[in-house]
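This report refers to the structure that appears directly beneath it.
First listed ligand is number 1; within each ligand, the first listed atom is number 1. Model, not experiment: these values are computed from the prediction. What you see below is based on every heavy atom in this structure, not just the backbone, and it leaves out hydrogens, waters and symmetry mates.
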Amino acid sequence: MFKINERITWVGKIDWELKKFHGEEYSTNRGSSYNSYLIQDEKTALIDTVWQPFGKEFVDNLKKTVDLKKIDYVIANHAEVDHSGGLPELLKIIPDVPVYCTSNGIKSLKGHYHRDWNFVTVKTGDTLDLGKGKLIFIEAPMLHWPDSMFEYYTEDKILFSNDAFGQHYASEFMYNDLVDQAELWQEALKYYANILTPFSPLVTKKINEVIGFNVPVDMICPAHGVIWRNNPLQIATQYLTWADDYQEHQVTILYDTMWNATKKMAEAIAAGVISNDPTLSVKLFNVSKSDHNDVITEVFKSKLVIAGSSTINRGILSDMASLIETMKGLRFKNKKAAGFGSYGWSGESPKLMTQKLKDCGFDVMEEGLGVLWNPDDEALKACRSFGVKLAKKLSPSI
Ligand code: FEO
């Protein structure tokens, strides 16, 4: 618990030991937090709760801050269980309290908990008067689920943004100006790249809509990680940049390898790329030994993705297949790509990699490069030439 100001108290949970989120899909190497906010104006409103395993602890702690019977309204910005998981415990005690959410929020909450709570549907522009200030609701579909919504609290000029602008980042400091900036921005970027990339056009539209309301924003309070109180709109501006098919001058080379032949190809291709343009940031990842969410973050930053696998059972290696599935779902835009791979017998992987990169929506620049067996000097020369050729297409003026 900590006071944000005289009216608003953070009543969430910092989850220091969380290492995986969304099942095993998202690595949370720096933990996370589930932010819940209690507004004690003339009326009392609770915004979001915490993940289900912490539901009882949440309610026990909340009781120390407020008489639960004095909570007039519960706002459920998003039904995913990391925010709604405290509702069953809480609503056992105050079953009649109105629960404000979008119409999709009702569907999702009912789907998760099979309870018929006292739901109140809200739409963009609807308001809830708390006394000194009011909450103005803003639907935010696909940021990042169809049920997501924000609200703006007029008295303190705070935007409660739920998942948007969040980070999976546990910190005792809880404000953007107090934490390590490199860690904060790395986690904010990883969060955007891995969760919000497919919805970038909607991110742009929603942020411009909120900016268009022309209201002052003194703080952005997301549902994960730190609160943006120092120049809070910097994260909204950064989201607009990331949503605009963001790229750095970077090439990422991904490989999965059985006996290191494909690894040798990857390193030779990298040498070719670097030789053409030493200003390029070139990063290599053995995807079977790398955190896939960190790899996705690097892919997000890249202009060109070169990806290779050995051939196995007429297919590609499983860790590469898994990463390809993730990249396909994230629907990256405006990225170039090429495939490669080594083989001993049937040799499908270069062609398969080329097709799979096309399926991911990448602009494939060259047919995939294949090498039979362990690459010899001639094969390594061909790999370097492949890298040079790709890099020249990327930076034709160099
Ligand atoms: Fe933080 Fe979409 O849940």
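- Under the 4.5 Å side-chain heavy-atom criterion for ILVMFWY residues, no single connected hydrophobic cluster contains both Leu304 and Tyr246.
- Remark: of the listed residues Thr121, Thr124, Leu128, Thr102, Leu128 is the sole one forming a side chain to side chain contact (heavy atoms under 4.5 Å, CB included) with Phe137.
- Counting non-hydrogen atoms of neighbouring residues, nucleotides and ligands closer than 6.0 angstrom, the CD atom of Glu378 reaches no more than 12 such neighbours.
- His224 contributes NE2 as its N, O or S atom closest to atom 1 (Fe) of ligand 1.
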Please table the atom pairs, donor to acceptor, closer than 3.5 Å between any side-chain atom in residues 314-324 and protein atoms at least two apart or in another chain.
residue: Arg314; atom: NH1; partner: Glu348; partner atom: OE2; Å: 3.0

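- Lys335 places a side-chain N or O within 3.5 Å of a backbone atom of Phe300 that can act as its donor or acceptor partner.
- No close placement of the Phe160 and Tyr153 rings is indicated, their centers lying 6.0 Å or farther apart.
- Excluding water, every protein N/O/S atom under 2.8 Å from atom 2 (Fe) of ligand 1 is given here by residue and atom: His78 NE2, Glu80 OE1, His144 NE2, Asp163 OD2.
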